[in-house]
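These numbers were taken from a predicted model, which means no experiment stands behind them.
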2 protein chains.
Amino acid sequence: MSTRRKSMPAPAAEAPRRAADRIRDTAFELFYREGIRAIGVEEIVNRAGVTKPSLYRAYESKDELVADYLRDYHQRFFQRFEAPAAEHPDDPKAQLLAYLDRLAVRASSEGYRGCGLTNAVIEYPDHAHPAHQVAVDSKQALRERLREMCRGMRARDPDELADSLLLLLEGCYVSGQTFGEGGPARVLGTAARRLIDAAL
Amino acid sequence: MSTRRKSMPAPAAEAPRRAADRIRDTAFELFYREGIRAIGVEEIVNRAGVTKPSLYRAYESKDELVADYLRDYHQRFFQRFEAPAAEHPDDPKAQLLAYLDRLAVRASSEGYRGCGLTNAVIEYPDHAHPAHQVAVDSKQALRERLREMCRGMRARDPDELADSLLLLLEGCYVSGQTFGEGGPARVLGTAARRLIDAAL
DNA sequence: TGACAATGTTACCGATCGGTACGTACTCTG
DNA sequence: CAGAGTACGTACCGATCGGTAACATTGTCA
């Protein structure tokens, strides 16, 4: 859902954007870096330079803001995930490995905070919570996409390979933030290649 | 005067233990099942059937209680992890696979909540927080133990194999609670065998 | 019996939580 | 210019957070 402005083609470039946008961006940054439960609405609006009522005009509740953050994360994630497709058309193996190799670097650097969606599942274990649901839906889409790619690789058992790779992926997200630099995330590419080669 | 039963020196075996023990056990259960940040001290003492002062006589703060919970978890974890050693002496590969096979079952069942230590790292990303530190220390010990086992397997590159297996392990913990029954965790054993066989 | 340690009871603290009633300033339109 | 509508801020709400003070009660052991 987007707030479309009518005429007035944007005064300049960006700085004093709408309150809702500032909230959205600030919340994204804070939720991801510090964790969702650790951040209160007060801190969000302060850092965004707006006030609480502005937040509650744009979102029904904090939970809705969280869900929106996760939907946003989901979208950005798949953008990153599918980005290598352009460089390696019709080569799902190369596409996947390209993403994994980039991820391995990010996840092995200091201050890495893992996957916002995975983190949300852990912060909100209650299956009824909107944050949990959005995150799980996203992960299910990822699983399905991986299966599709493994079928494209002509793996003997595409579903099994996809799940194995998903384990490596998720392991990389969490190990990245546990160990930081020089952590196990560095072997992601190698391990994935081993599994793929053994499955074709 | 009061309607509550008086002395009754332990009617059966264990029920009315010390307040500190009841708090410890209740906190363990609640922190693990619901998440640490989601559980307040009030809820802990209510469910434990004690009162807040009792909690603060046994622990300096909630953070200390959390750290203690994690140390407890660490101990129970390694107990489970090393349990198969008795059945497979001098066979690190069989030991590890035995643990993984059991884990795969647990992690693929409904309501699985993953590893309390991994969850704590995500709930407390701040490296200075005691919970974060205890959890990371435990994970580093696990990494070292895995390396030791991989050396025992005579792997070509034991550190690389250990890290690969650690990724699978952590992936299993988090995917277990994301997908529940029929999730990717089911392939843990197969994937681990593939990686081990390829590394010897 | 008396002393002591452990626990419960009650009532509170300041801070922060998510959330809102209501007033104000700007801008677009007639 | 008048008026409407939009966008935002000030000030506040009750609930809950982690944590504490003061005192009553209990079981144990000497």
- Query: Is B:R113 salt-bridged to B:E29, going by a charged N under 4.0 Å from an acidic O?
  - Reply: no
- Query: With a non-hydrogen cut-off below 4.0 angstrom, is B:I23 in contact with a base, only sugar-phosphate, or nothing?
  - Reply: nothing
- Closest nucleotide among C:dG8, D:dG18, D:dA11 to the A:P53 side chain: D:dA11
- Query: DNA chain D: B:E43 or A:E42, which has the more 5' nearest nucleotide?
  - Reply: A:E42
Rounding to a whole Å, what distance do you find between [X]:[atom1] and [N]:[atom2]?
X     : N      : atom1 : atom2 : answer
A:K62 : D:dT16 : NZ    : C1'   : 14 Å
A:L55 : D:dA7  : CG    : C1'   : 15 Å
A:I39 : C:dC17 : CD1   : P     : 9 Å
A:L65 : C:dC17 : CG    : C1'   : 15 Å
B:I36 : D:dC17 : CD1   : C1'   : 16 Å
B:N46 : C:dG8  : CG    : P     : 12 Å
B:Y59 : C:dT7  : OH    : P     : 12 Å
B:D21 : C:dA6  : CG    : P     : 13 Å

- Parallel, tilted or perpendicular: which describes the rings of A:Y73 and A:F28, with under 30° parallel and over 60° perpendicular? parallel
- Message: Tell me whether the rings of A:F31 and A:Y69 are parallel (<30°), tilted (30 to 60°) or perpendicular (>60°).
- Response: tilted
- Side-chain donor/acceptor of B:E123 to backbone N/O of B:R37, under 3.5 Å: yes
- Task: Verify, without hydrogens or angle tests, whether A:E170 (side chain) and B:V174 (backbone) share a donor-acceptor contact under 3.5 angstrom.
- Result: no
Counting only side-chain N and O atoms of [X], is one of them less than 4.0 Å from OP1 or OP2 of [N]?
X     : N      : result
B:R18 : C:dT7  : yes
A:K52 : C:dG19 : no
A:Y56 : C:dT20 : no
B:S54 : C:dT7  : no

- Mapping A:V41 and A:R57 to their closest nucleotides on DNA chain C, which lands nearer the 5' end? A:V41
